[in-house]
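Structure first, commentary second.
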2 protein chains.
Amino acid sequence: MRRLAAAAEVTPGALYKHFRDKRDLQRAMADAVYATIDLAGIDTDSPTVDQVITCCERLRAAMLGFRDGGRIVAGSYSPFAATATISATLRKLLEGLILPSLDAGDVAYALRNYTTGFVIEEQAYLTLLAGGEWDALVQSLPRQGGTEAGRSSDAVAILTGDRDLRFRAGLKVILTGTVA
Amino acid sequence: MRRLAAAAEVTPGALYKHFRDKRDLQRAMADAVYATIDLAGIDTDSPTVDQVITCCERLRAAMLGFRDGGRIVAGSYSPFAATATISATLRKLLEGLILPSLDAGDVAYALRNYTTGFVIEEQAYLTLLAGGEWDALVQSLPRQGGTEAGRSSDAVAILTGDRDLRFRAGLKVILTGTVA
DNA sequence: ACCTGAACACCGTTCAAGT
DNA sequence: ACCTGAACACCGTTCAAGT
């Protein structure tokens, strides 16, 4: 609050005429993150799986555009316009695509939770990397017995690899299923 | 740190002989959360889809057992035993189940990110509810034009409904897919 | 209506000194 | 090896008073 006030060239107390408290400000920040989502080329009247994927990728991109974007957005229920727009867009796309046995709300919610979960992990990794703490952390991963099946580091492989590719792989898993 | 020190009947400075800083302590807390996961009845030698679902449900239950459990666990890379155990268990189960075209690591990562994302949202809701702030927030949701398709509140419906059911519905979506 | 100054009750972290 | 006391540099929030 104090640093934000300084950036706005105002005294900290002045912020409390605009936001009830820090959490109220963070809700507004969450909507500001959603507001940067690029919806160009998304047409809810002719939905495709590719558009759903694009939608999630742009949601991810929007969060990645801000420090702690994932954590800001996660669980902040910003009751504002941009938040409503992305929710409705994703759900409308899905309504025209999914199996009739499923609920579009459940699918949209799963996709959004996957996406925010992925980005939180990703930004934590990037912060650790930038601070030079990542290598020490990976080094201290428990060396477990014998076989390579023991290394607990799929997360490590995913984070240090091509994250765009891995994110899309996860989306495809959700959309197309994993078992026969 | 100060409150934890008080609970441990020790001076704040003493904590810094055991943990480098607050984040280091939170990593240990994350592992402590994972350590409460009940793995009874999970047999990685004869994997079933039901076991995967149970595994994710117990992961959710473990996080729900602690204040801010989801946020503590998300993006904290605790390089400890319990963290490695749940990761390896989930992946081993999946290796025996998924379509050969998929990677067990990607699927496990998608399931974990979905689960932590869901729990973060859930705990934020529960905190808001306990603080009496939830109703005011939902009231302020933008009333958008005409049709009921406009309400942006799938998240609201999911959170205020049977969350166990909704969580499982999301898991099934991921495991069995959404499109033909 | 919006802002300032000043205060209140906190934080995380460090470090010499003790045992 | 582990802990205390005390300090340093911060926090979020409130509120009378100003304009």
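Quick caveat: nothing in here was measured; it's all calculated off a predicted structure. So you know, we letter chains A, B, ... as the sequences are listed, proteins then strands, and number each from 1.
- Comparing the same atom, P, in dA9(C) and in dA9(D) gives a spacing of 22 Å after rounding to whole Å.
- Protein atom CZ of R2(B) is 13 Å distant from nucleotide atom P of dT14(C), rounded to whole Å.
- In this structure, CZ of F19(A) is placed 12 Å from P of dC2(C), rounded to the nearest angstrom.
- Residue H18(B) has a polar side-chain atom (N or O) positioned under 4.0 Å from OP1 or OP2 of dC3(D).
- The V10(B) side chain lies nearest to dC3(D) when the options are dT13(D), dT14(C), dC3(D).
- Here dC15(C) presents its C1' atom at 15 Å from CG of L15(B), a figure rounded to the nearest Å.
- Geometrically, R60(A) does not engage F118(A) in a cation-pi contact defined by less than 6.0 Å to the ring centre and at most 45° from the axis.
- When the side chains of ILVMFWY residues are joined at heavy-atom separations under 4.5 Å, either directly or via intervening members, V49(B) and I86(B) end up in a single hydrophobic cluster.
- Of the listed residues (D31(A), V73(A), I37(A)), just one forms a side chain to side chain contact (heavy atoms under 4.5 Å, CB included) with T83(A), and that residue is D31(A).
- dG12(D) atom P lies 9 Å from atom CG of L4(A), rounded to whole Å.
- When each of dT13(C), dT14(D), dT4(C) is scored by its nearest atom to the side-chain atoms of T11(A), the top-ranked nucleotide is dT4(C).
- Picking from dT13(D), dG12(C), dC3(C) the nucleotide with the shortest atom distance to the side chain of K22(B) gives dG12(C).
- Using a 4.0 Å cut-off, no side-chain N or O of K17(A) falls inside it from OP1 or OP2 of dA1(C).
- Closest to the side chain of Y16(A), out of dC3(D), dG12(C), dT14(D), is dT14(D).
- Across the strands present, dG18(D) finds its partner in dC2(C); the criterion is a Watson-Crick or G-U wobble pair with both atom distances under 3.5 angstrom.
- Taking the six-membered ring for Trp and the full ring otherwise, the centers of Y125(B) and Y77(A) sit at least 6.0 Å from each other.
- Between R3(A) and the phosphate of dC11(D), there is a side-chain N or O to OP1/OP2 separation shorter than 4.0 Å.
- Of the nucleotides present, dC8(D) is the one that pairs with dG12(C) by Watson-Crick or G-U wobble criteria, both distances under 3.5 Å.
- For the pair D24(B) CG and dG12(C) C1', the interatomic distance rounds to 14 Å; values are reported in whole Å.
- One can place CE of M1(B) at 16 Å from C1' of dC11(D), the figure rounded to the nearest angstrom.
- A salt bridge does not link E121(B) with R112(A): every distance from a Lys NZ or Arg NE/NH1/NH2 to an Asp or Glu carboxylate oxygen is 4.0 Å or more.
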